[in-house]
S.K.: 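Got a structure for you, questions after.
Side chains are part of it too, since the values below use all heavy atoms of this structure and drop only hydrogens, waters and symmetry mates. Since the structure is predicted, the reported quantities are computational estimates derived from the model, not experimental observations.
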Amino acid sequence: NAALGVAALAAAHTLRSRALALLGVHLLLVVALRAARAAKIARLCRDGADPWQVAYLIAFVEFPLMWEFGTSFGFFSTFAVPTISAVLSASKGFELCPQARYDDTAILIHEIGEHGPRSARGAAALKRTREIHAKYTIRRDDLAYTLWVFCFEPVRWVDAFGWRVVTAAEKTALWGFWREVGVGLGIADLPVEGEEFEAWGTAFEARGWRRAAANRRLSDYVINLAATWGPGPRALKRRLLLW
């Protein structure tokens, strides 16, 4: 029995050593890949590559989780603008079929982001978005703010929770991509410089966020939808979302 105990301890020690070694190799590989990706993105920015190439790498390769969270919560923040929430509430999409409405928005954004606004699929997504918007009277500034959210809110999330911050050159490329999307959607008078548009959006939030009944209705629809995702009681998940 003593011999078996010693053998078991030796085996456990060996397994732990191997696990630690594998973890070390994994971490070294992660660091190396991150450095290589960051260098590639920096090179693309420096060489004046198509902004979509940079935006794709940042959103879908470098920071996919933070970008997904930032985009989702950013879209949620548009509900704080009464003129936006009034249009969304009138469409009844989030009231009658919230999951489909949420999925439709995500699909259109991903089509443009994954394939580029000049690709066939990206152009089709832009066309479909214009058709949807044409059904309603939407203020130019509300469209511009929604565009601002998709460009800059994910950057906030990456800067706060990512393994590194978004560089100035990357922000310039991101705005180059989203500006092209905005032009494709027919949004007038978008500035060339991303810094100018970033400052405009921050000021728009300060003056545009206001309490309204439509804001609360839309928020309840989306929170109730999110409470259906994943395992666990809906009431508990809703409480956690509101915490």
S.K.: With a 4.5 Å heavy-atom cut-off, do Phe75 and Thr71 have their side chains touching?
M.R.: no
S.K.: Within the supplied structure, the quantity of interest is the number of heavy atoms (other residues, nucleotides, ligands) at a distance under 6.0 Å from Arg234 CZ; does it exceed 12?
M.R.: no
S.K.: Flag yes if more than 12 heavy atoms outside Arg239 fall under 6.0 Å of its CZ atom; otherwise flag no.
M.R.: no
S.K.: Consider only side-chain N and O atoms of Arg18 and Thr14, and report whether a donor and an acceptor are under 3.5 Å apart.
M.R.: no
S.K.: Got a sec, which residues hit side chain to side chain donor-acceptor pair (under 3.5 Å) with Ser72, two or more places apart in sequence or on another chain?
M.R.: Tyr102
S.K.: Could you state whether Phe161 and Phe76 fall into the same hydrophobic cluster, counting links through intermediate Ile, Leu, Val, Met, Phe, Trp or Tyr residues with side-chain heavy atoms under 4.5 angstrom apart?
M.R.: yes
S.K.: Under 4.5 Å between side-chain heavy atoms, hopping through other hydrophobics if needed: is there a path connecting Trp67 to Phe60?
M.R.: yes
S.K.: Answer yes or no: does atom CZ of Arg216 have more than 12 heavy-atom neighbours from other residues, nucleotides or ligands under 6.0 Å?
M.R.: no
S.K.: Does the side chain of Val155 reach to within under 4.5 Å of the side chain of Leu174, using non-hydrogen atoms?
M.R.: yes
S.K.: Answer whether the closest heavy-atom distance between the side chains of Asn215 and Arg211 falls below 4.5 Å.
M.R.: no
S.K.: Would you give the length of the straight line joining atom CD of Gln53 to atom NZ of Lys40, rounded to the nearest 0.5 angstrom?
M.R.: 8.0 Å
S.K.: Within the side chain of Arg210, is there an N or O that forms a donor-acceptor pair under 3.5 Å with the backbone of Pro82?
M.R.: no
S.K.: Given side chains that start at C-beta, do those of Asn224 and Pro98 come closer than 4.5 Å, heavy atoms only?
M.R.: no
S.K.: Between Phe79 and Phe94, is the ring pair (Phe, Tyr, Trp, His ring centres under 6.0 Å) condition met? List the steps.
M.R.: CA-CA 12 Å; Phe79 297 175; Phe94 283 105; 5.7 Å; yes
S.K.: Would you say Arg179's side chain and Pro191's backbone share a donor-acceptor pair under 3.5 angstrom?
M.R.: yes
S.K.: Mind telling me whether Trp52 and Tyr56 have parallel, tilted or perpendicular rings, with 30° and 60° as the class edges?
M.R.: tilted
S.K.: Spell out, as yes or no, whether a donor-acceptor pair under 3.5 Å connects the side chain of Ser89 to the backbone of Ala86.
M.R.: no
S.K.: Please tell me if the side chains of Trp178 and Ile112 come closer than 4.5 Å, counting only heavy atoms from C-beta onward.
M.R.: no
S.K.: Is Phe73 linked to Phe204 within one hydrophobic cluster, defined over Ile, Leu, Val, Met, Phe, Trp and Tyr using a side-chain heavy-atom separation of less than 4.5 Å?
M.R.: yes
S.K.: Among residues at least two apart in sequence or on other chains, which ones pass side chain to side chain donor-acceptor pair (under 3.5 Å) with Arg118?
M.R.: Asp50, Glu180
S.K.: Assign the ring pair Phe197 / Trp200 to parallel, tilted or perpendicular, where the plane angle (0 to 90°) is split at 30° and 60°.
M.R.: parallel
S.K.: When rounded to the nearest 0.5 angstrom, what is the spacing between CG in Leu143 and OG1 in Thr78?
M.R.: 11.0 Å
S.K.: With side chains defined as the heavy atoms from C-beta onward, is the minimum distance between Pro117 and Phe177 less than 4.5 Å?
M.R.: yes
S.K.: Would you confirm whether Lys171, through its side chain, and Gly194, through its main-chain N or O, come within 3.5 Å as a donor-acceptor pair?
M.R.: no
S.K.: Report the residues that fulfil ring-ring contact (aromatic ring centres under 6.0 Å, His included) with Tyr136, sequence neighbours left out, ordered by chain and then residue number.
M.R.: none
S.K.: Does a sphere of radius 6.0 Å around CD in Gln99 hold more than 12 heavy atoms from other residues, nucleotides or ligands, not counting ones at 6.0 Å or beyond?
M.R.: yes
S.K.: Using atom types as modelled and distance alone, determine if a side-chain donor or acceptor of Arg140 lies under 3.5 Å from a backbone N or O of Asp189.
M.R.: yes
S.K.: Report yes or no: do Glu68 and Trp157 form a side-chain donor-acceptor pair below 3.5 Å?
M.R.: no
S.K.: Tell me whether Leu65 is reachable from Leu57 by hopping between hydrophobic residues (I, L, V, M, F, W, Y) whose side-chain heavy atoms are closer than 4.5 Å.
M.R.: yes
S.K.: Could you state whether Val166 and Leu44 fall into the same hydrophobic cluster, counting links through intermediate Ile, Leu, Val, Met, Phe, Trp or Tyr residues with side-chain heavy atoms under 4.5 angstrom apart?
M.R.: yes
